[in-house]
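Residue numbers begin at 1 in each chain, while the letters A, B, ... track the order of the sequences. For clarity, every value in this text was computed on a predicted model and none was experimentally measured.
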Protein chains: 2
Amino acid sequence: MSTLSTKERILNTTEQLIADKGFSGISIRKISHAAQTNLAAINYHFGNKQQLINAVLERRLNNLFDIRQKMLNDLNQGKKKACVLEQVLHAFIAPALYMINDKNQGGKTFMLVLARAYAEQGEYLHQLMTTRYTNTIKKFADAIHRSVPHLDKETVFWRFHFIIGSLTYAMSDFGASSISKQMSESDYFNRSVDELIQFAVQALQA
Amino acid sequence: MSTLSTKERILNTTEQLIADKGFSGISIRKISHAAQTNLAAINYHFGNKQQLINAVLERRLNNLFDIRQKMLNDLNQGKKKACVLEQVLHAFIAPALYMINDKNQGGKTFMLVLARAYAEQGEYLHQLMTTRYTNTIKKFADAIHRSVPHLDKETVFWRFHFIIGSLTYAMSDFGASSISKQMSESDYFNRSVDELIQFAVQALQA
DNA sequence: GTCTATAAGCCGATAGAC
DNA sequence: GTCTATCGGCTTATAGAC
């Protein structure tokens with residue numbers, strides 16, 4: 001931990017501060033202080049504040065969509081024609097939720113950042129979603145449609161859209177309030193994965 | 001329009017600016033300029049910035065939950081025992097979406113504000129939801145459970161939670177990007193109401 | 001109620017020493 | 001690569017005239 005470079009410390013600290021306080025609650029002054037460095041170091045490594053935020057987002061988003069795409073590819077490999085709905089939804093939802101649960105990698109913190117970014121509708125994230133990741137999202141929509149061919153294509157797209165909303169909302173809820181405070185964090189997480197996938201399956205089945 | 005008091009102009013302007021730029025994008029200087037008044041007037045009428053934001057939220061939230069509660073009461077009046085799932089969900093979802101469509105009342109603008117507020121997990125809104133409105137939310141959860149008695153209570157609560165997420169996400173999407181840019185705003189809205197309610201019904205049925 | 005003027009402080013960015 | 005010092009600008013809040 002103590003061997004992290006200044007650049008890595010700045011990225012991790014920024015991620016944590018955005019998760020805690022939101023994009024509106026951060027300043028590069030606070031970040032530099034929390035990362036035990038100084039203002040100039042941040043501008044030296046990242047240029048300016050916006051490029052720092054972009055770096056925090058990009059560091060993990062590519063990884064998330066790579067995992068989703070790979071899991072989808074693995075499904076399609078065995079059986080080209082039919083898609084099992086539950087497996088497709090699992091390939092989309094689980095990587096996000098498991099990233100939350102991977103405490104060592106800081107994925108939980110990032111998912112809180114991502115939930116906030118979705119909500120703020122920032123131009124940068126919106127641009128990423130409609131360019132770099134739009135291909136993967138469309139492939140998932142197609143795979144879902146193939147698993148429920150009796151639904152028309154537009155309905156599938158709407159419901160996939162709503163499910164992304166549920167996932168986003170669920171993500172932003174981790175770390176905040178639990179529905180039942182009697183559950184441990186780990187139990188709450190595992191229950192969420194199951195409930196969300198079953199919810200999504202049910203919403204798309206006939 | 002021109003007969004609005006300074007206080008009303010400040011509230012309307014603040015609502016609009018939050019919808020456009022987010023809570024992080026506003027300042028009482030910008031608000032005072034857009035409302036064609038001055039800094040001191042805002043502090044005179046509202047005390048400080050946070051109280052102004054609270055006033056914007058409270059002005060319409062009571063109205064929204066009153067309508068939801070009233071629609072639910074009307075349903076229960078006729079038939080005390082059974083609840084039709086679709087009608088209960090309609091009583092919860094439709095008031096929010098129709099408030100969006102009521103252009104004269106500025107409800108659409110407020111729904112964008114509300115979607116941002118949900119996402120930011122601000123303390124004030126969270127406090128309101130877990131105190132003033134928690135009663136209505138529980139009554140809806142109970143009514144939903146009575147309409148799908150074969151599901152266990154916890155599952156119902158989880159899925160209701162996810163549906164709120166979908167609704168929030170859908171709301172924040174209005175005014176931003178349309179799924180199909182060929183649709184008019186009005187068509188897009190009506191389609192959203194139908195699709196969201198059908199989505200919710202499907203997600204909760206056996 | 002409305003306004004101007006001002007106080008006191010945080011902001012991002014950069015120049016320049018080491 | 002890391003740091004201090006500093007610039008110009010924007011922020012909230014308030015004092016006091018009208």
Exercise. Send over the distance from B/Gln51 CD to D/dT14 P, rounded to a whole Å.
Key: 11 Å

Quiz item: What nucleotide among D/dT11, D/dC3, D/dA13 has an atom nearest to a side-chain atom of B/Ser27?
Solution: D/dT11

Quiz item: Picking from C/dC3, D/dA13, C/dG12, which would you name as closest to the side chain of B/Ala40?
Solution: C/dC3

Self-check item: Whether B/Phe157 and B/His161 hold their rings parallel, tilted or perpendicular, with breakpoints at 30° and 60°
Solution: parallel

Quiz item: Could you state the CG-P distance from B/Asn43 to D/dG16, rounded to the nearest angstrom?
Solution: 16 Å

Quiz item: Expressed in angstrom and rounded to an integer, what is the separation of A/Phe46 atom CZ from C/dG12 atom P?
Solution: 15 Å

Exercise. Consider only side-chain N and O atoms of A/Gln69 and A/Thr136, and report whether a donor and an acceptor are under 3.5 Å apart.
Key: yes

Quiz prompt | Protein-nucleotide distance (A/Lys49, atom NZ; C/dC10, atom P), rounded to Å | solution = 15 Å

Exercise. Determine whether the aromatic ring centres of B/Tyr169 and B/Tyr118 lie less than 6.0 Å apart.
Key: no

Exercise. State which of C/dC3, D/dT4, C/dA13 makes the closest approach to the side chain of B/Asn38.
Key: C/dC3

Quiz item: At under 4.0 Å, does any side-chain N or O of A/Asn48 touch on OP1 or OP2 of C/dG12?
Solution: no

Quiz item: Just checking A/Lys7: base, sugar-phosphate only, or nothing, at a heavy-atom cut-off of under 4.0 Å?
Solution: nothing

Exercise. Write down the distance between CD1 (A/Ile53) and P (C/dC11), rounded to a whole number of angstrom.
Key: 14 Å

Self-check item: Whole-Å gap separating P (C/dT2) and CZ (B/Arg9)
Solution: 8 Å

Exercise. Look at the side chain of A/Thr37 and decide which nucleotide, out of D/dA13, D/dC3, D/dT2, has an atom nearest to it.
Key: D/dC3

Quiz item: Are OP1 or OP2 of C/dT2 and a side-chain N or O of B/Thr6 less than 4.0 angstrom apart?
Solution: yes

Quiz item: So, does A/Gln202 use its side chain to make a donor-acceptor pair with the main chain of B/Gln205 at under 3.5 Å?
Solution: yes

Quiz item: Above 12 or not: heavy atoms from other molecules or residues under 6.0 Å from CD of A/Glu86?
Solution: no

Exercise. Give the rounded distance in Å between these two atoms: CD1 of A/Ile10 and P of C/dG12.
Key: 14 Å

Exercise. Please report, rounded to the nearest Å, how far the P atom of C/dT4 is from the NE2 atom of B/His33.
Key: 12 Å

Quiz item: Which residue, A/Leu39 or A/Tyr44, contacts DNA chain D at a nucleotide closer to its 5' end, judged by nearest heavy atom?
Solution: A/Tyr44

